[in-house]
Amino acid sequence: MDAVLQTKGFLSLTSNPRIRALHPSNGLKQRFFSPKLKTINGFSPLHATNHGYQKLHSTSSKVEIFGQKDKNLFICRAEADGKPVFGENEVVVEQKILGIEVTTLKKIIPLGLMFFCILFNYTILRDTKDVLVITARGSSAEIIPFLKTWVNLPMAIGFMLLYTKLANVLSKQALFYSVILPFIAFFGAFGFVLYPLSSYIHPEVLADKLLNILGPRFLGPLAILRIWSFCLFYVMAELWGSVVISVLFWGFANQITTVEEAKRFYPLFGLGANIALIFSGRTVKYFSNLRQNLGPGVDGWAISLKGMMSIVVLLGFVICLLYWWVNNFVPLPTRSKKKKEKPKMGTMESLKFLVSSPYIRDLATLVVAYGISINLVEVTWKSKLKAQFPSPNEYSSFMGDFSTATGIATFTMMLLSQFIFDKYGWGVAAKITPTVLLLTGVGFFSLILFGGPVAPIIAKFGMTPLLAAVYVGALQNIFSKSAKYSLFDPCKEMAYIPLDEDTKVKGKAAIDVVCNPLGKSGGALIQQFMILSFGSLANSTPYLGGVLLVIVLAWLAAAKSLDTQFTALRREEELEKEMERADALKIPVVAENGNGGNGSSASGDSSSTPSEASSPHNN
């Protein structure tokens, strides 16, 4: 009986085979990697000697070692009379630059540039939208809660319904251009057409009459009517962040990159995003200060707006050019056609799924709590910001500095985040964001509520209580957002990893449908109730501080509960992987009768030790 390698029905060994180790062949090449070769019934596949089999002793075999890490791996190949028994594939060695394949670089570099341009534009748009709606005549920061709930949310839902229908009839490239080009056209038209005509197209007289009838409590809702074109800009800027970044860019990136490339390069996109934040903040600062060099009677903000919108349009076309280049000149990875479809869950189905799963419920609490908490503080801070900087140029200049500082802080936190995850684990990383938001939020609200008694102390530093509140609120937003980008977002995405496929897909769908909009509009709804109940945002400040405390405490409790469940699932997942690795080491070997009959399964001991597999066996 001879021990031979099973060929799975492709080819049969001829009468005078030769086994060679790592010698060139004229035939096709195929490699077999195995850390161990098992001996069945006392035979080693490399040391069978009957019927002319050539012995390969360990002292005479020349096995090339691939490296110190892979020293247990070797390649063997069987040939019969110079003809390859196992066909071999030609190995194509890709060119590399700095250790990275050229094909990968042709994808990653354009993606990085696209992400930089998208985030550069988003920072300009985000800072500009606040300046427009908050500093406009007859408006204030109280417009933001109403704007987010009654304009932004319905338009976002409407856009996604339209996007879904377009995705069914258009190709991926046509869909990309159909979505991004209207954004570019609108921002260009706003800077050069809508804003210069704003005094003619805004119904300010009608808004004043309604305000006199309804009273100052309805200043926020009526401001939406008064400055409708500015509100439209606000919504389009918000949609740029959610649609162009989340849907278009990340959808395209996931389409053209492999899992290994994503693990290696996606974190670098985060660092690049914060570099874009720094440079775009300086750009906003530069254009905001143009007013100082203009003569009297010139609308400096209109000049600044034209300059910033020109950059947005230019970078928008750069994004389209990069997208076109990748699709035409970069080979895309092939995907399996058998994909598990993402379940289409309605709002009620999503709510039921959230309630039924403790793990998903805790994860949803984290997302909702962040959205509510950051909105409660941010809108109050922006109301103080307008009081300190009533001019659009002054307000925009401050926001440029704010964006730059946020980029620097987030960049630093991202460099530290890996250390935090390695040293302290997921649980501590998940609790840092709510802790930072709570401590800075307490300081901000305390300064607003007790600004009078501490005014003499603040005056020693050359500041008024209002300016101190603006700076403390800015620090609160900077630290909270940097912690969110560097720790909260990675923690949230990591929490999905150990879930089974069904729970992972359904849970993410439920959170996308319910929790993200609820977190963004939840804080706005609370503020609307407070404004309508107490008359103004300033009168609501003490109660908003109490609500913030309750929300953050619930956030911390959910993070602690989720940490326990996450750790247990990770241990279970690691155990399953170890079992899979153990099963993967098994190599099927068959025994063939000496008379050349068909192979049959070996019935001997199939669990020989490594020493048996590596030692020669003599018949």
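Counting begins at 1 with the first residue of the sequence.
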Asker: Verify the distance criterion only: is there a donor paired with an acceptor across the side chains of Q476 and S480 at less than 3.5 Å?
Answerer: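 Yes.
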Asker: Is V312 close to F120 at the side-chain level, that is, under 4.5 Å between some pair of heavy atoms?
Answerer: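 The answer is no; the side chains never approach within 4.5 Å.
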Asker: Are W324 and F329 near enough that their ring centres are under 6.0 Å apart?
Answerer: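 Centroid separation for W324 and F329: below 6.0 Å.
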Asker: Can you tell me how far the CD1 atom of I227 sits from the CD1 atom of I201, to the nearest 0.5 Å?
Answerer: 11.5 Å
Asker: Is it the case that the side chains of K285 and S397 hold a donor-acceptor pair, with the cut-off being a distance below 3.5 Å and no angle test?
Answerer: yes
Asker: For Y195 and K306, what are the C-alpha separation, side-chain angles and deciding distance, and is it a side-chain contact (heavy atoms from CB on, under 4.5 Å)?
Answerer: CA-CA 9 Å; Y195 184 81; K306 288 181 180 179; over 6 Å; no
Asker: Could you state the interatomic distance from CG (L132) to CG (D127), rounded to the nearest 0.5 Å?
Answerer: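 So the gap between those two atoms works out to 11.0 Å.
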Asker: Mind checking whether F444 and T380 have side chains closer than 4.5 Å, heavy atoms only?
Answerer: yes
Asker: Could you check whether T123 and S280, counting side-chain N and O atoms only, form a donor-acceptor pair closer than 3.5 Å?
Answerer: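 Their side chains do contain a donor-acceptor pair, which is all the 3.5 Å distance test asks for.
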Asker: Within the distance-only criterion (no hydrogens, no angle test), does the side chain of K106 pair as donor or acceptor with the backbone N or O of V326 below 3.5 angstrom?
Answerer: no
Asker: Taking C-beta and beyond as the side chain, do N393 and F287 meet within less than 4.5 Å on heavy atoms?
Answerer: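 Contact flag for N393/F287 side chains = no.
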Asker: Hey, does the side chain of S139 reach the backbone of V133 with a donor-acceptor pair shorter than 3.5 angstrom?
Answerer: yes
Asker: I'd like to check T406 versus F402 (side-chain heavy atoms, cut-off strictly below 4.5 Å). Are they in contact?
Answerer: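 In short, these two side chains touch, coming nearer than 4.5 Å.
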Asker: For the CG atom of L211 and the CG atom of L225, what is their distance to the nearest 0.5 Å?
Answerer: 11.0 Å
Asker: Would you compute the distance between atom CG of L315 and atom CG of L321 and round it to the nearest 0.5 angstrom?
Answerer: 12.0 Å
Asker: Check whether any side-chain heavy atom of L437 lies under 4.5 Å from a side-chain heavy atom of W555, and answer yes or no.
Answerer: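 The answer is yes, as the side chains (C-beta and beyond) meet within the 4.5 Å cut-off.
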Asker: Using a 4.5 Å cut-off on heavy atoms from C-beta on, say whether the side chain of S198 contacts that of F230.
Answerer: yes
Asker: Regarding S396 and S288, is there a side-chain donor-to-acceptor distance under 3.5 Å anywhere?
Answerer: yes
Asker: Hey, can you tell me if Y177 and Y323 have their rings parallel, tilted or perpendicular (30° and 60° cut-offs)?
Answerer: perpendicular
Asker: Judged by atom type as modelled, is there a donor-acceptor pair below 3.5 Å linking the side chain of K382 to the main-chain atoms of D130?
Answerer: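 Here the side-chain-to-backbone pair does not exist.
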Asker: Could you tell me whether the side chain of S446 and the main chain of G443 form a donor-acceptor pair under 3.5 Å?
Answerer: no
Asker: Within the structure provided, determine whether R126 and S403 are in side-chain contact (heavy-atom separation under 4.5 Å).
Answerer: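 Yes; the side chains approach each other to less than 4.5 Å.
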Asker: Kindly indicate, with the supporting measurements, whether the criterion side-chain contact (heavy atoms from CB on, under 4.5 Å) is fulfilled by F252 and M114.
Answerer: CA-CA 11 Å; F252 180 56; M114 283 180 64; 4.1 Å; yes
Asker: Would you give the length of the straight line joining atom OG of S373 to atom CG of L438, rounded to the nearest 0.5 angstrom?
Answerer: 9.0 Å
Asker: Suppose we call two aromatic rings close when their centres sit under 6.0 Å apart. Are Y471 and W381 close by that rule?
Answerer: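 Ring-ring flag for Y471/W381: false, centres at least 6.0 Å apart.
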Asker: Please check if the side chain of T464 supplies one atom and the backbone of L467 the other of a donor-acceptor pair under 3.5 Å.
Answerer: yes
Asker: Over all heavy atoms of both residues, which pair between P154 and T149 is shortest? Give the atoms and the distance, please.
Answerer: CD-O, 3.4 Å
Asker: Starting from the C-alpha separation in whole Å, work towards a yes-or-no answer on salt bridge (Lys or Arg N to Asp or Glu O under 4.0 Å) for K386 and E394.
Answerer: CA-CA 9 Å; K386 181 190 177 181; E394 292 176 349; over 6 Å; no
Asker: Do K148 and N375 have a side chain donor and acceptor closer than 3.5 Å?
Answerer: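 Looking only at side-chain atoms, N375 and K148 do form a donor-acceptor pair, the distance falling under 3.5 Å.
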Asker: Please report the shortest heavy-atom distance between L119 and A276, naming the atom on each side.
Answerer: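 In terms of heavy atoms, the two residues are closest at CB-CB, 4.0 Å.
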Asker: Output, in order, the C-alpha distance, side-chain angles, deciding distance and verdict of side-chain contact (heavy atoms from CB on, under 4.5 Å) for T135 and W301.
Answerer: CA-CA 11 Å; T135 64; W301 177 238; over 6 Å; no
Asker: Closest heavy-atom contact between I478 and A405?
Answerer: CD1-CB, 3.6 Å
Asker: Given the ring of Y234, does K129 sit roughly above its face, with NZ or CZ under 6.0 Å from the centre of the six-membered ring and within 45° of the axis?
Answerer: yes
Asker: If every non-hydrogen atom of V379 is compared with every non-hydrogen atom of A141, which pair is closest and at what distance?
Answerer: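 Taking V379 first and A141 second, the nearest heavy atoms are CG1-O, 3.6 Å.
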Asker: Using a strict threshold of under 4.0 Å (side-chain N to carboxylate O), is an ion pair present between E204 and R137?
Answerer: yes
Asker: Identify the heavy atoms of F183 and V179 that sit nearest to each other, and give their distance.
Answerer: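 Scanning both residues completely, I find the closest heavy atoms to be CD1-O, 3.1 Å.
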Asker: Is there side-chain contact between F116 and V318, with heavy atoms separated by less than 4.5 Å?
Answerer: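 No. Closest side-chain heavy atoms not under 4.5 Å.
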Asker: Supply the atom-to-atom distance I311 CD1 to M309 CE, rounded to the nearest 0.5 angstrom.
Answerer: 9.0 Å
Asker: Test T404 against L277 for side-chain contact (heavy atoms from CB on, under 4.5 Å), laying out the working first.
Answerer: CA-CA 6 Å; T404 300; L277 199 62; over 6 Å; no
Asker: Using every non-hydrogen atom in the two residues, find where L556 and P434 come nearest and quote the distance to one decimal.
Answerer: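 Nearest heavy atoms, L556 then P434: CD2-CG, 3.5 Å.
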Asker: Using the side-chain contact (heavy atoms from CB on, under 4.5 Å) definition, which of the options T440, L548, L549, V472 pairs with F445?
Answerer: L548
